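Reading through the structure tokens given below for one structure.
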Amino acid sequence: MSGAAGQRGSRAAVTENQLRRAAAPQPSRPAPLDPARIRDDFPILQRRIRGKPLVYLDNAATAQKPQAVIDAVSRFYRRDNANIHRGVHYLSAQATAAYDKVREQVARFLNARSPREVVFTRGTTDSINLVAHSYARTFLVPGDEILITTMEHHSNIVPWQLACAGTGAVLRAAPLTPAGEVDLDALLALLNDRTRMVAITHLSNAIGTINPIKRVIGWAHERRIPVLIDGAQSIAHLPVDVQDLDCDFFAFSGHKVFGPTGVGVLYGREALLEQMLPYQGGGGMINTVTLEQSTWAALPAKFEAGTPMVAEVIGLGAAIDYVEHIGPDAIAARESELLTSASQLIEQIEGVRIIGTAPEKASVLSFVMDGVHPHDIGTILDDAGVAIRAGHHCAQPLMRHFGIPATARASFAFYNTQEEAEILAQSVIAVKRMFG
Ligand SMILES: Cc1ncc(COP(=O)(O)O)c(C=O)c1O
């Protein structure tokens, strides 16, 4: 349909649709979060620091824990504590069932094909070391290449350096643009028939860039190269679906997604995990042991040597329940508003420069101020009860790319408020006055 009459017709149709939609429930639209109600779930957010209400903007380092997680861990130790597997007594069977249930829950949360693809680790660092070590020993030969990017956290650089050192493989890194995005043309040019793995972060902890990992995974898979995603940051801020991403490995830490420290997850494609040699040896990961040799347990136990972090896994389950209750889409929408608003406030301050200006960002606001070291910014903000982080954020190659030693970094979670974004900006203005 064309012309004015057609336009009128389509406008009338839209209006009817709108009326119909308004009358129907809207399940796909993320519900707005009520910060006041949500903040009540986090006991630590009620604290005062140096006489001021805590403004916690260090979520990229670790997220705070809702009461539900604290209760789950405490209940486990008060009532249910036992070692898992092989126990015949009631408590052991109960703990084993609870531990296995969280594995199923994580598989659903990530949309993994099966719980066999979910390995519990100590955290993202441990997950990446597991892959780097086991994949290298299984597959890498001298001259093979591993491709990372210049924005990686040290946890997604050093394990690959160790893997290369042990096998004669070579580590390559895709460069970045001035805005702090991966230079995709350069990355594509670095993929070649010696590339054996691409390891890339989903969301930069230092500057907040969201990488177009689906495209990168597509390019790598066209060349039959597996891809590991460092999801340490994205797991708390973006919806993650490993089948939709089609990644081969996805690593994250419990503590960044409102769960306990000391627990993490490695999602791994079953066919790859099956082929890979175990990471560590010990109890729980074997099928049979003789003094001469051993055979391995089925997935995922093959990669879980020793007594695992039972209480922490239970706590992680409670954290995922909590996140699912709020909804990853609603979380992403709320944090995007906060980040946009805080960025607008900070970039208006003369002498302050935001580091990392990619159009696609989440949660992280990194900045520098003329003539003031980020550590001084962090210390002065702390006096106002504002917790941010200052330093290289375990991303020294990224800092080198920007020609700076460090940044001040505010990182938001869904429980932060607009008022806190304003306190951040006012405190940064106060720092400027102090040094001006
Ligand atoms: C992007 C990224 N990767 C890896 C890590 C390492 O996580 P963890 O120290 O929990 O193992 C972090 C932690 O800050 C991170 O932000």
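This is a predicted model, so every value here is computed, not measured. Atoms within each ligand, like the ligands themselves, are counted from 1 in listed order.
- Across Y279, F303, W160, a single residue satisfies ring-ring contact (aromatic ring centres under 6.0 Å, His included) together with H133, and that is Y279.
- Residues meeting the salt bridge (Lys or Arg N to Asp or Glu O under 4.0 Å) test with E312, sequence neighbours left out: none.
- For S204, the side chain to side chain donor-acceptor pair (under 3.5 Å) test picks out no residue, with sequence neighbours left out.
- In terms of polar-atom proximity, defined here as any N/O pair under 3.5 Å, S253 does make such a contact with ligand 1.
- Contact annotation: N156 has no heavy atom less than 4.0 Å from any atom of ligand 1.
- Remark: minimum distance from atom 15 (C) of ligand 1 to any protein heavy atom is reached at H153 CD2, 3.3 Å.
- Using a 4.0 Å cut-off between charged side-chain N and carboxylate O, R269 and D246 make a salt bridge.
- Using a 4.0 Å cutoff on heavy atoms, K256 counts as a contact of ligand 1.
- Under the 4.0 angstrom criterion for non-hydrogen atoms, H255 is in contact with ligand 1.
- Atom 4 (C) of ligand 1 has its closest protein heavy atom at D230 OD2, 3.4 Å.
- A donor and an acceptor atom, one from each side chain of E422 and Q418, are located under 3.5 Å apart.
- Tested against R409 for a side-chain contact (heavy atoms from CB on, under 4.5 Å), the candidates L365, N205, I355, L57 yield a single pass: N205.
- Scanning the protein for heavy atoms near atom 9 (O) of ligand 1, the closest one is T125 OG1, 3.6 Å.
- Here is the list of ligand 1 atoms found below 4.0 Å of a heavy atom in S155: 4 (C), 6 (C).
- With distances taken over non-hydrogen atoms, the option nearest atom 16 (O) of ligand 1 out of Q233, H154, M151 is Q233.
- Relative orientation of the H392 and H154 rings is tilted, given thresholds of 30° and 60° on the angle between their planes.
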